[in-house]
Every structure is written in C-alpha cells, then in structure tokens.
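Inspection log for the structure reproduced underneath, given as structure tokens.
Lettering follows sequence order; numbering is per chain, from 1. These values consider heavy atoms only, across backbone and side chains, with no hydrogens, waters or symmetry-generated copies.
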Amino acid sequence: MLQQTQVATAIPYFERFMRVFPSVSALAAASVDAVLAQWSGLGYYARGRNLHKAAQIIMRDHAGELPRTAAQLVALPGIGLSTANAILSLSFQQPTAICDGNVRRVLARWSALPLVVESKQAEQQLWQLAQTLQSQTRPRDYTQAIMDLGATLCTRSNPDCTQCPVARDCGALASGEAVTSWPKRLPKKTRPTKTATLWLVFNKAGALWLAEPTSSTGIWGGLHQLPQSLPETLLGQDNYTLSPIKHVFTHITLVVTAKVVLLSDDRHFHLFTNGLWYNPKDKTRLIAMPAIVDKLLAHWLQQGRSS
DNA sequence: AAATCGGGGAG
DNA sequence: CTCCCAGATTT
C-alpha cells in the first residue's frame, strides 16, 4: 500500500484490510474481487492483485512464511528491490539499503548530487550511497530514521535544516544554494488530455449499474466499470448530461462527461447482464470499483439535472 | 530507457 | 494549478 502512496493516505485502508484479511492464509483464500473491494479508492490496483497472488505463492511455496532473502522476495509479484530491502531491514534486521522517494531526496541533498535524479547514473549512485551508509548494527532503526528524516524534516518544499541531525555535513546546505533546488530533476513533460463518456444508469430503487470487469490489466483493471456506451434502444430515453469533470492520472488527464439515465420501469432490465446494481447507500457491501464512481455519484447528487 | 499503472496531500 | 508520495511491471 505504501508504494507511491503517502502513509497517512494508506492507514485507514491498511487497518480495514488487516481486519478483513488478518493473515496471509486468509488473504490467499479470498477471491481477487474481495481483495480489490478493500483496495477500492486507493489506486494502483495492480498492487492489490499482486499482493493477493503473492499470498497464494507464500502459502504454496513458502509454508505461509515470508522468505528472508532479497532474491526470494523479489521473485514475489509486486515486490521489487526497494520493498524487498525494506522488509529485510525493518522486519529481519538485515543491513539492506532502501532508496525510496524520501531517501533519494535526503541523499541527493546531503551529497549535493549534481545529476538529474531520473538518470541511470544518479539512480546507481544513490543506491550505492544508501548501501554504504546503512548501519550494520541497527539496520531497522537506520532505515526508519532516514525515511522519517525525509518525511518530516528534509521535506520537498519546506525543509527544516535547523532541526536536522545531519545538517553539519550536508552538501546542499553548505553550497549556499537553496536546499530545495535538490534533487535536480528533468523538466516536466506535459500530460496529454483524453476525453471519455461514462454512463450512470439508475434503476427504480436508486441503484447504479456496474458492469463486470472485462480486463485484469490496464487502467482500473479488475474493477467493475461504468458503461462507456448504451444499447441503442435506451438512447431515446430521457437522459441528463453532467458538466465534465477532470480525473488526473500519472500520465494522462481524463476529462469525463457523465450521462445519467433513470430507469422508471422494468422494461429495459433485460439489457443489463454481466454486472450488478450497486446501491450507494449500502455501505456494508463493498464493490471493487475505481474512485471515479463515487466521484461521479457525488457530482450527480450535487449538480442534479442541469440539462 | 520510457511508458504505464490512481488517488490524494500539500503548497 | 504543480509536485510527488515506504515503486513495480511492461513495453
């Protein structure tokens, strides 16, 4: 959950997830749909699918226990070198280095790294530096400390160097330039905009139609989806077009126009198969779906019938 | 090496 | 708005 996701964001998801799947065996025994239901809203759904697969592999090949070597950990889906080393140092007191976003920022500043951090050279030097600096006697404390340093003091835009325990030999601080000018970064690239139409189809009870997932990969893979089109016979029905909303991804900006259809009778229900009717008020029934569903529902409730 | 995967916190 | 977060995987 913490891969590319801030701790504060992940905490409520983590707590709920651990209540529903309190053990590796419980997670392995669950359906991927049940896992993704708990992941809904958190994003990067491949993490949820990979975690589920990893649990099953751990049960099958590792007697239900996490392996304790980097090579075995990296072989599990969703675990790369960074996560493997984090597990080894934080859980098993092995002197492995991590080089996550916080650590990269701390080390780039401390070493006054002239290289653009996205470059292969910088990547290599930062990993090398991280491994060199790792404590051989207290790897767990060291790993937690350098991450917390980046998260609390050596922050992106407003570092508090007066409180920093390594300010004395920090290269960026000594340089006279602004500490925030590190890490050096590549110029930003513009994010392309794409448009999409999504349909909100409500039945008489006020439940929303969600289609079964059609693919386990790609954007929102494995999640239930809003229809992008409707059967011809329904297009003549009264429908409402909501004002477009923006939904930003890492690589694209999606401008979504939602169209709303209210089914007043049962005539057209036979057109809706391979999916389910989701009642937004039923909080007990968690469905694997992207955050944009609730976003559009809120938009519809707030905006209402504007056209 | 570059692109692809969400969503939100913070400024 | 922009930047970036306890990155991994695919192309």
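Atom name C1', nucleotides C:dC5 and B:dC5: the rounded distance is 15 Å, in whole Å. For the P atoms, the distance from B:dA3 to C:dA6 is 25 Å, rounded to whole Å. Nucleotides B:dG8 and C:dA8 place their P atoms 22 Å apart, quoted to the nearest Å.
The 12-atom threshold is exceeded at CD of A:Gln93, counting heavy atoms of other residues, nucleotides or ligands nearer than 6.0 Å. Counted within 6.0 Å of CD on A:Gln121, heavy atoms from surrounding residues, nucleotides or ligands total 12 or fewer; the atom is thus considered open.
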Pick out the pairs of N or O atoms, protein on one side and nucleotides 7-9 of chain B on the other, that lie under 3.5 Å.
residue	atom	partner	partner atom	Å
B:dG7	OP1	A:Tyr45	OH	2.9
B:dG7	OP1	A:Ala291	N	2.8
B:dG7	OP2	A:Trp220	NE1	3.2
B:dG7	OP2	A:His247	NE2	2.5
B:dG7	O3'	A:Gly41	O	3.4
B:dG9	O4'	A:Gln6	OE1	3.4

Can you name the atoms? Protein N/O to nucleotides 9-11 of chain C N/O, anything below 3.5 Å, with the distance.
residue	atom	partner	partner atom	Å
C:dT9	OP1	A:Gly78	N	2.3

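Regarding A:Leu73, its CG atom lies at a distance of 17 Å from the P atom of C:dG7, rounded to whole Å. A:Lys194 has its NZ atom 11 Å from the C1' atom of B:dT4, to the nearest Å. Protein atom CD1 of A:Ile11 is 14 Å distant from nucleotide atom C1' of C:dC5, rounded to whole Å. Distance A:Arg49 CZ to B:dC5 C1': 9 Å, rounded to the nearest Å. The separation between A:Asp148 atom CG and C:dA6 atom C1' is 10 Å, rounded to whole Å. In this structure, A:Arg191 atom CZ and C:dT2 atom C1' are separated by 9 Å, rounded to whole Å.
Applying the 4.5 Å side-chain rule to ILVMFWY residues, one finds that A:Tyr44 remains a lone member of its cluster.
Checking A:Gly221 against A:Leu186, the closest nucleotide of DNA chain B that is more toward the 5' end is the one next to A:Leu186.
The list of salt bridge (charged side-chain N to carboxylate O under 4.0 Å, His left out) pairs with a residue in residues 88-114 of chain A, not counting sequence neighbours, is empty. The stretch residues 154-168 of chain A participates, sequence neighbours left out, in no salt bridge (charged side-chain N to carboxylate O under 4.0 Å, His left out) pair at all. Judged as a salt bridge (charged side-chain N to carboxylate O under 4.0 Å, His left out), the pairs with a partner in residues 140-150 of chain A (not counting sequence neighbours) are, in order, A:Arg138-A:Asp141.
Hydrophobic clustering of Ile, Leu, Val, Met, Phe, Trp and Tyr side chains at less than 4.5 Å, counting indirect connections, unites A:Leu297 with A:Leu42.
In this structure, the ring-ring contact (aromatic ring centres under 6.0 Å, His included) partners of A:Phe17, at least two apart in sequence or on a different chain, are A:Phe21, A:Trp39. Scanning for salt bridge (charged side-chain N to carboxylate O under 4.0 Å, His left out) contacts around A:Arg185 gives A:Glu118, with sequence neighbours left out. Residues satisfying the ring-ring contact (aromatic ring centres under 6.0 Å, His included) criterion with A:Phe92, sequence neighbours excluded, are absent altogether. Evaluation of the ring-ring contact (aromatic ring centres under 6.0 Å, His included) rule for A:Trp127 yields no partner, not counting sequence neighbours.
At least one side-chain heavy atom of A:Ser175 sits under 4.5 Å from a side-chain heavy atom of A:Trp182.
Across residues 86-119 of chain A, A:Asp100, A:Gly101, A:Asn102, A:Arg105 each have a non-hydrogen atom less than 4.0 Å from an atom of DNA chain C (numbered order). Near DNA chain C, meaning a heavy atom under 4.0 Å away, the residues from residues 120-147 of chain A are A:Gln144, A:Met147.
Of the candidates A:Thr143, A:Asn85, A:Thr96, A:Gln134 forms a side chain to side chain donor-acceptor pair (under 3.5 Å) with just one, namely A:Thr143.
For A:Thr83, a side-chain nitrogen or oxygen approaches OP1 or OP2 of C:dA8 to under 4.0 Å.
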- Message: Please determine whether side chain to side chain donor-acceptor pair (under 3.5 Å) holds for the pair A:His299 and A:Ser243, giving the CA-CA distance in whole Å, both sets of side-chain angles, and the decisive distance to 0.1 Å.
- Response: CA-CA 9 Å; A:His299 187 51; A:Ser243 62; 3.2 Å; yes
